[in-house]
Amino acid sequence: MTYHPVNPTLADPLPADALELLRSMYEIRFFEDEIMGLFSQNLVRGSTHLCQGQEAVTVGVCSALSPGDTMTCTYRGHGAVLAMGAPLDRAFGEILGRAGGLCGGKGGSMHLADVSVGALGSNAIVGGHLPTTVGAALAASYRGTSEVSVAFFGDGSTNIGAFHESLNLASIWKLPAIFVIENNQYGEYSTLASTTPIERLSDRAASYGMPGVFVDGNDVIAMRSATKTAVERARAGEGPTLIEADTYRHSGHSRSDPAKYRPEEEVKSWFARDPIVQLRNAIEASGGADAAAEVERTAHTDVDAARDLALTWPEPELSAGMEHIYS
Ligand SMILES: Cc1ncc(C[n+]2csc(CCOP(=O)(O)OP(=O)(O)O)c2C)c(N)n1
Ligand SMILES: [Mg+2]
């Protein structure tokens with residue numbers, strides 16, 4: 001297993017697209033602020049699982065992908081779908097249950113998909129989407145294209161059978177898959193230590209003969225760099241990689257969880273390492289304070305405009321319930 005150096009790059013010269021990474025993370029953060037507001041107004045049906053605090057994982061990984069690559073994710077997937085390039089307004093529309101939503105308003109918060117940008121679907125079943133990524137990688141391999149498929153999933157998912165089956169199959173067939181554990185330290189209300197007998201989840205890669213990489217998941221540039229290595233390996237036909245991103249969710253598991261079970265000191269120490277603040281600080285230190293402020297402003301405006309537009313869309317027609325189904 002390789003330990004990716006923690007924070008190797010945020011202090012170094014920043015990449016040319018640092019402001020784009022910042023914009024993408026701000027959009028996800030503000031998008032979910034608004035989702036929380038809409039939820040409080042009873043405009044979001046069911047629950048919703050926020051990824052605030054984990055934005056560097058999805059933005060870093062997706063910034064290392066190319067058009068044609070695909071991605072699957074969990075119910076905590078707003079950030080992953082937006083990071084792939086799904087439009088803000090249609091993502092709002094989906095969560096609001098509006099006809100203009102990504103899935104016609106029929107999927108909601110836990111079922112976002114936008115195949116046009118390679119977002120093959122978020123999934124409410126823990127581990128349920130890993131076989132989808134293996135399938136997408138198999139399809140690419142069978143067709144002889146260079147596409148890779150990424151699966152994002154939680155620490156808790158590494159105890160699910162589908163995790164083990166998917167890693168095994170992807171490795172034995174050397175498929176172009178990248179498995180990304182969003183280790184936010186908890187599965188619902190349980191600490192990792194209370195459900196999992198090992199500390200480093202990336203160690204599990206050894207059982208499947210693939211590299212296991214442990215990365216600071218709050219460092220967007222470290223996440224991208226680890227993903228680039230995995231993408232090169234996948235495109236070269238050398239098979240999958242398991243990446244463990246060390247991170248933290250800012251709020252509870254879902255909207256019914258006030259997250260009181262987390263020690264105050266732990267919460268404080270993770271908030272002090274907020275991924276957005278870390279990148280912003282690095283940009284400011286390299287002379288980009290005004291540009292960073294402008295990115296924050298426009299991200300806010302864009303999110304607000306997308307929300308307002310989606311709120312004007314109607315709910316789907318009743319007849320839409322009979323579309324897009326198999327019989
Ligand atoms: C197969 C299955 N078992 C149980 C659940 C209930 N459940 C929903 S989320 C969750 C915790 C998953 O934790 P983790 O994989 O760490 O993801 P996180 O929510 O922390 O992002 C559980 C047990 C489920 N949705 N699917
Ligand atoms: Mg978790």
Side-chain angles (χ1 to χ4, degrees), residues 28-29 31-32 35-36 39 46-62 71-83 95 107-112 119 121-134 150-167 178-205 212 214-218 223 242-263 266-267 270-271 273 275:
I28 296 168
R29 179 72 54 96
F31 177 87
E32 289 201 324
I35 292 299
M36 191 57 209
F39 182 85
S47 194
T48 184
H49 305 73
L50 306 184
C51 68
Q52 289 179 321
Q54 304 183 196
E55 295 94 342
V57 180
T58 46
V59 169
V61 168
C62 295
M71 182 284 299
T72 63
C73 59
T74 73
Y75 44 85
R76 203 177 301 292
H78 304 158
V81 172
L82 291 175
I95 297 171
S109 168
M110 291 196 266
H111 305 102
L112 302 179
S122 45
N123 201 308
I125 307 302
V126 170
H129 58 288
L130 274 74
T132 308
T133 264
V134 174
V150 172
F152 291 105
F153 49 94
D155 41 283
S157 320
T158 67
N159 294 325
I160 287 274
F163 166 83
H164 299 278
E165 295 172 19
S166 297
L167 267 68
I178 301 173
F179 300 100
V180 182
I181 309 167
E182 298 181 271
N183 182 358
N184 60 11
Q185 324 299 325
Y186 290 85
E188 289 194 315
Y189 326 108
S190 307
T191 58
L192 182 60
S194 68
T195 58
T196 307
I198 56 170
E199 204 178 321
R200 268 296 55 79
L201 298 174
S202 43
D203 285 350
R204 291 193 158 161
F214 179 60
V215 189
D216 177 354
N218 282 16
M223 281 310 305
L242 178 65
I243 297 175
E244 177 185 0
D246 198 31
T247 187
Y248 204 71
R249 55 169 153 76
H250 279 182
S251 53
H253 169 72
S254 64
R255 300 295 55 77
S256 55
D257 172 21
K260 293 289 185 219
Y261 44 86
R262 306 191 300 185
E266 176 188 288
V267 176
W270 278 99
F271 269 74
R273 293 180 46 227

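Just so you know, these numbers use all the heavy atoms, side chains as well, and skip hydrogens, waters and symmetry mates. When a ligand or atom number is given, it counts from 1 through the structure's own listing order.
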Judged by non-hydrogen atoms, does Phe153 sit under 4.0 Å from ligand 1?
-> no
Note: heavy atom closest to atom 22 (C) of ligand 1, options His253, Glu188, His49, belongs to Glu188
Are side-chain heavy atoms of [X] and [Y] found at a separation under 4.5 Å?
X: Thr72; Y: Asn123; result: no
X: Val81; Y: Met71; result: yes
X: Arg273; Y: Tyr248; result: no
X: Glu244; Y: Thr158; result: no

Exercise for review: Indicate the ring-plane relationship of Phe271 and His250, choosing parallel, tilted or perpendicular according to the 30° and 60° boundaries.
Suggested key: parallel
For Tyr75, is at least one N or O under 3.5 Å away from an N or O on ligand 1? yes
query = Would you say ligand 1 has an N or O under 3.5 Å from any N or O of Ala124?
reply = yes
Near [X], which atoms of ligand 1 are under 4.0 Å from a heavy atom of that residue?
X: Gly154; result: 14 (P), 15 (O), 16 (O), 17 (O)
X: Asn184; result: 18 (P), 20 (O), 21 (O)
X: Arg76; result: 18 (P), 19 (O), 21 (O)
X: Gly156; result: 14 (P), 15 (O), 16 (O)

> How close does the nearest protein non-hydrogen atom get to atom 5 (C) of ligand 1, and which residue and atom is it?
Replying inline: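 Among all protein heavy atoms, the one nearest atom 5 (C) of ligand 1 is Val126 CG2, 3.9 Å.
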- prompt: To which protein heavy atom is atom 13 (O) of ligand 1 closest, and what is the distance rounded to 0.1 Å?
  reply: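 Looking at atom 13 (O) of ligand 1, the protein heavy atom closest to it is Gly187 CA, 3.3 Å.
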Between [X] and [Y], is any side-chain donor less than 3.5 angstrom from a side-chain acceptor?
X: Thr247; Y: Asn184; answer: no
X: His253; Y: Arg76; answer: yes
X: Ser122; Y: His129; answer: no

*asked:* Taking 2.8 Å as the cut-off, does Asn184 contribute an N, O or S atom near the Mg ion (ligand 2), distance below it?
replied: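 For Asn184, the answer is yes, given that an N, O or S atom comes within less than 2.8 Å of the Mg ion (ligand 2).
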(request) Give a yes or no on whether Asn183 keeps an N, O or S atom under 2.8 Å from the Mg ion (ligand 2). (result)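 Checking the Mg ion (ligand 2) against Asn183, no N, O or S atom falls under 2.8 Å.
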Value for OG1 (Thr58) from CD (Glu182), rounded to nearest 0.5 Å, stands at 6.5 Å
- Message: To make sure I understand the geometry: which N, O or S atom in Asp155 is closest to the Mg ion (ligand 2)?
- Response: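 When I compare the N, O and S atoms of Asp155, OD1 is nearest to the Mg ion (ligand 2).
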